[in-house]
Amino acid sequence: MHLLSRRSFVFPFLFLAYAASAQVYNPVSWKFSQKQISDSEYSITLHADIEKGWHTYSQHTDSNGPIPMAFTYTLAPDYKLEGKTEEDSCITKFDSTFKVVVKYFIGHAKFTQKIAVHSPNGFTLKGNVYYQVCNESMCLPPKTVDFAITIPPATAEKASSGYLWIWLLGFLGGLAALFTPCVFPMIPLTVSFFTKRASGHVSKKAAAGPYIYAICIIMIYVVLGGLITALAGPSGLNAIASNGWVNLIFFITFLIFGFSFLGAFEITLPNSWVNKSDSASEKGGILGIFFMALTLCLVSFSCTAPIVGSLLAGASLNGAYWSLIIGMFGFSTALALPFALFALFPGWLHTIPKSGGWLNSVKVVMGLLEIAFSLKFLSTADLVGLHIGWLHFHLNGPMGILKREVFIALWIVIFLITGFYLLGKIKFHHDSDLKHLGVTRLSLAIIAFAFSLYLIPGLFGAPLKLIGGFPPPSYYTEGWSISSSGNNNKTSDNLTGSIKSNNQRIGCPLNLNCFHDYKEAVAAAKQENKPIMIDFTGFSCVNCRKMEENVWSNSAILDIINNDYILVSLYVDDKTELPDSLQFVSKVDGSKIETYGDKWSDMETTLYKSNTQPLYVLVDNVGTILTPQRGYTPDVEQYKQFLEDGINTFKAEPASGQSSVFKTNSNIRIN
């Protein structure tokens with residue numbers, strides 16, 4: 001028994017008998033699978049089905065006994081093992097042959113290994129299992145079985161969590177739209193029309209009308225979101241976030257919507273559209289109800305369009321293909337909900353407040369918020385710059401239009417105006433006299449004033465973590481200039497043979513010393529014998545700004561980055577053109593790499609299998625990855641551990657600077 005073990009010489013004649021039989025045994029079959037257990041964690045399951053009469057051994061069998069099972073995983077920057085491979089309970093028995101206690105499985109065995117996933121784009125986890133299988137009369141030679149388990153590109157739970165937030169924001173936008181002069185007065189009129197109440201009784205047939213009406217509203221907005229998404233394509237919405245011209249158009253559009261809310265003018269669709277839809281609604285039946293819902297959508301356009309536009313902008317920043325559709329679903333659900341609820345409980349109609357001046361106040365406050373948020377798009381356009389190749393028009397950002405202090409000052413003024421308006425100290429054209437101050441208005445005014453006071457320290461360099469990601473980067477201040485920005489690393493002037501930084505218009509976050517060219521960073525790393533921290537970022541990346549202002553600003557993190565790493569911030573949306581000699585064709589998608597942003601984006605995709613920002617990669621001066629890369633990590637302690645792991649691995653490297661842990665393909669142009 002247990003013939004091919006570490007002590008298989010005990011019964012050599014049994015193995016000879018097995019070999020002579022010329023019978024091929026394969027009593028164990030394996031199944032490999034994965035299951036997501038959190039946003040960034042997976043559980044890998046390795047399941048063995050064992051034929052009757054055979055058994056295989058545990059990982060924890062005594063080393064003086066039979067060969068224990070062993071799992072090997074091919075290390076990669078896409079993931080990190082969490083703990084050891086766990087196994088189900090097994091049989092424990094003293095073995096008289098080996099004179100030790102052995103642990104083995106019969107029938108089936110299940111093993112699980114947890115991994116932390118660092119790649120948002122999916123990957124294949126490879127490895128093998130080494131084991132020995134025996135029966136009561138003989139043991140088979142140890143066997144190695146390879147496995148390859150596919151981890152999907154986007155984790156379902158993470159996607160669902162993100163989509164839930166998008167739906168919730170859309171829902172809140174729909175609730176806000178309800179309290180506008182275009183929509184609110186329609187609620188009692190429409191419900192009363194459908195229910196045809198008589199002495200408090202509701203016709204069952206008529207009562208179904210509001211529900212169909214609500215469903216039609218949802219369908220109209222979801223289909224609209226689907227059409228926009230289909231026309232934009234999978235990457236179209238994401239491209240919006242980093243295009244200077246599109247952001248400029250968004251700024252102008254939101255500004256127009258904001259001033260329309262303030263009463264400067266009325267934005268309406270052509271009357272012919274509304275009239276045709278209204279005429280079609282008189283046909284009756286489900287089709288008539290659909291056109292009634294369409295009429296509501298058209299009539300309320302001036303109030304709902306700014307919110308729908310916000311959803312479109314939010315979807316572009318999120319970058320997920322289904323974002324706009326999910327957001328539209330949330331928006332339309334909130335918009336349609338009152339029609340269904342008041343149909344179910346018609347008595348509630350008597351409890352809702354009557355239309356009046358308060359509706360215009362809601363509209364004005366929304367207009368001021370629209371103007372405030374429009375500045376985010378102007379800021380992005382300013383940072384990214386404007387570019388039209390076929391017109392030979394190149395105005396690469398930052399352009400110096402909206403510095404951080406100016407942005408914050410404008411927000412302070414806008415929210416101060418909001419507070420004074422809520423107190424009745426400022427009036428617009430359509431406002432009625434405010435006879436008394438309600439608790440709600442007073443509470444909102446206090447919030448507006450408090451928020452304005454909170455913003456004031458930001459004028460003097462405070463990080464403003466509450467709105468992290470919205471204002472321009474911390475380096476983009478009134479003290480910024482082309483001559484003073486760019487490569488802030490003090491050692492850069494002493495680099496032998498290094499090239500000049502490609503874009504002197506880019507600064508460094510939190511006044512850190514940094515590079516914006518990978519080759520320069522490598523030269524500095526070799527000179528100072530430090531690891532490199534690659535920061536794949538973007539001018540339009542909100543989460544990048546949040547990381548810089550909320551995580552990097554922590555004194556411990558700031559100290560590590562400043563003293564222990566060579567920081568290189570590579571902007572994937574930098575539109576500065578590469579010299580002709582440095583332009584090339586991407587091996588990933590065959591596109592022509594013409595700008596520095598294209599170059600860094602291609603580098604990120606080619607070497608690190610990711611195209612999201614932020615992405616942080618810690619490497620040595622030959623490009624060897626020191627620890628699994630990380631994306632957006634708002635937890636300070638986790639990020640600190642990530643940086644410390646990189647330093648520890650770098651210090652443990654052989655003198656040659658080559659790490660045996662993680663390797664990266666250097667087949668990419670970084671000149």
Side-chain angles (χ1 to χ4, degrees), residues 1-37 41-76 79-115 123-152:
M1 183 179 178
H2 312 305
L3 145 105
L4 289 180
S5 64
R6 289 185 176 83
R7 297 174 60 184
S8 58
F9 61 89
V10 178
F11 301 110
F13 60 88
L14 289 179
F15 176 66
L16 293 175
Y18 158 71
S21 67
Q23 183 175 358
V24 177
Y25 290 99
N26 188 23
V28 179
S29 60
W30 287 89
K31 295 178 181 178
F32 307 101
S33 61
Q34 48 82 8
K35 180 181 179 182
Q36 185 175 2
I37 55 178
E41 281 187 317
Y42 273 82
S43 176
I44 306 301
T45 301
L46 308 102
H47 189 275
D49 286 321
I50 308 167
E51 291 182 4
K52 186 176 180 180
W54 295 85
H55 56 270
T56 188
Y57 296 97
S58 164
Q59 304 171 90
H60 311 300
T61 291
D62 193 297
S63 60
N64 293 319
I67 294 176
M69 189 170 295
F71 295 93
T72 301
Y73 303 88
T74 302
L75 295 179
Y79 74 94
K80 182 179 181 181
L81 299 177
E82 291 191 337
K84 298 180 179 180
T85 303
E86 303 291 336
E87 61 183 42
D88 285 351
S89 59
C90 58
I91 297 172
T92 302
K93 184 179 179 180
F94 180 80
D95 190 286
S96 57
T97 302
F98 294 103
K99 309 299 182 183
V100 296
V101 174
V102 297
K103 297 180 179 181
Y104 60 92
F105 300 93
I106 59 174
H108 62 85
K110 181 180 177 183
F111 307 87
T112 56
Q113 172 67 56
K114 289 183 179 180
I115 63 170
F123 60 93
T124 300
L125 186 152
K126 296 181 179 180
N128 63 68
V129 53
Y130 180 75
Y131 66 99
Q132 183 178 30
V133 60
C134 302
N135 62 17
E136 291 301 321
S137 61
M138 64 178 179
C139 291
L140 301 182
K143 187 174 183 179
T144 300
V145 174
D146 295 327
F147 58 82
I149 303 172
T150 301
I151 306 298

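Small disclaimer: the values here were computed from a predicted structure and weren't measured. Computation of the quantities below employed the complete heavy-atom set of this structure, encompassing side-chain atoms and omitting hydrogens, waters and symmetry-equivalent molecules.
- A 6.0 Å sphere centred on CD1 of I106 holds no more than 12 heavy atoms belonging to other residues, nucleotides or ligands.
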Subject >> Verdict with supporting geometry, V133 and H55, side-chain contact (heavy atoms from CB on, under 4.5 Å) >> reply: CA-CA 6 Å; V133 60; H55 56 270; over 6 Å; no

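- Rounded to the nearest 0.5 Å, atoms CG (L125) and CD1 (I149) are 5.5 Å apart.
- Note that CH2 of W54 and CD of E136 are 10.5 Å apart. Values are rounded to the nearest 0.5 Å.
- The side-chain contact (heavy atoms from CB on, under 4.5 Å) search around T124 returns K126, A148, T150, not counting sequence neighbours.
- Contact record, Q113 with K84: OE1-C, 3.2 Å, taken as the closest heavy-atom pair.
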Subject >> Derivation of the side-chain contact (heavy atoms from CB on, under 4.5 Å) call for I115 and Y73 >> reply: CA-CA 11 Å; I115 63 170; Y73 303 88; over 6 Å; no

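- Nearest approach of M69 to Y57, heavy atoms of both residues: CB-O, 3.3 Å.
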Original post:
I67 and Y130: side-chain contact (heavy atoms from CB on, under 4.5 Å), yes or no, with the steps?
Top reply: CA-CA 9 Å; I67 294 176; Y130 180 75; 3.7 Å; yes

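- T92 places no side-chain N or O within donor-acceptor distance of the main-chain N or O of K103, the cut-off being under 3.5 Å.
- Taking the side-chain hydrogen bond (donor to acceptor under 3.5 Å, both in side chains) definition, one finds that E86 meets it with nothing, sequence neighbours left out.
- Nearest heavy atom pair, residue T74 against residue Y79, reads O-OH, 2.5 Å.
- Side-chain contact between T112 and T85 is absent, with no heavy atoms from C-beta onward closer than 4.5 Å.
- Closest approach of P27 to L140, counting heavy atoms only: CD-CD1, 3.5 Å.
- K31 pairs by the side-chain hydrogen bond (donor to acceptor under 3.5 Å, both in side chains) definition with nothing, not counting sequence neighbours.
- Looking at residues two or more places apart in sequence or on another chain, you find a ring pair (Phe, Tyr, Trp, His ring centres under 6.0 Å) between F111 and F71, F105.
- For the atom pair NE2 of H47 and OG of S33, the computed distance is 9.0 Å after rounding to the nearest 0.5 Å.
- With sequence neighbours excluded, no residue forms a ring pair (Phe, Tyr, Trp, His ring centres under 6.0 Å) with H60.
- S43 OG to E82 CD: the interatomic distance, rounded to the nearest 0.5 Å, is 10.5 Å.
- Nearest approach of G53 to N135, heavy atoms of both residues: O-CB, 3.1 Å.
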**OP:** Begin with the C-alpha distance, continue with both residues' side-chain angles, and end with the deciding distance and a verdict on side-chain contact (heavy atoms from CB on, under 4.5 Å) for Q34 and I151.
**Re:** CA-CA 7 Å; Q34 48 82 8; I151 306 298; 4.1 Å; yes

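- In this view, E87 and S58, Q59 satisfy the side-chain hydrogen bond (donor to acceptor under 3.5 Å, both in side chains) rule, not counting sequence neighbours.
- The side-chain heavy atoms of V28 and D49, taken from C-beta on, include no pair separated by under 4.5 Å.
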**OP:** Let me see the working for W30 and Y131 under ring pair (Phe, Tyr, Trp, His ring centres under 6.0 Å), right down to the final yes or no.
**Re:** CA-CA 12 Å; W30 287 89; Y131 66 99; 5.5 Å; yes

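- In this structure, L46 and F147 approach most closely via the heavy-atom pair CD2-CE2, 3.7 Å.
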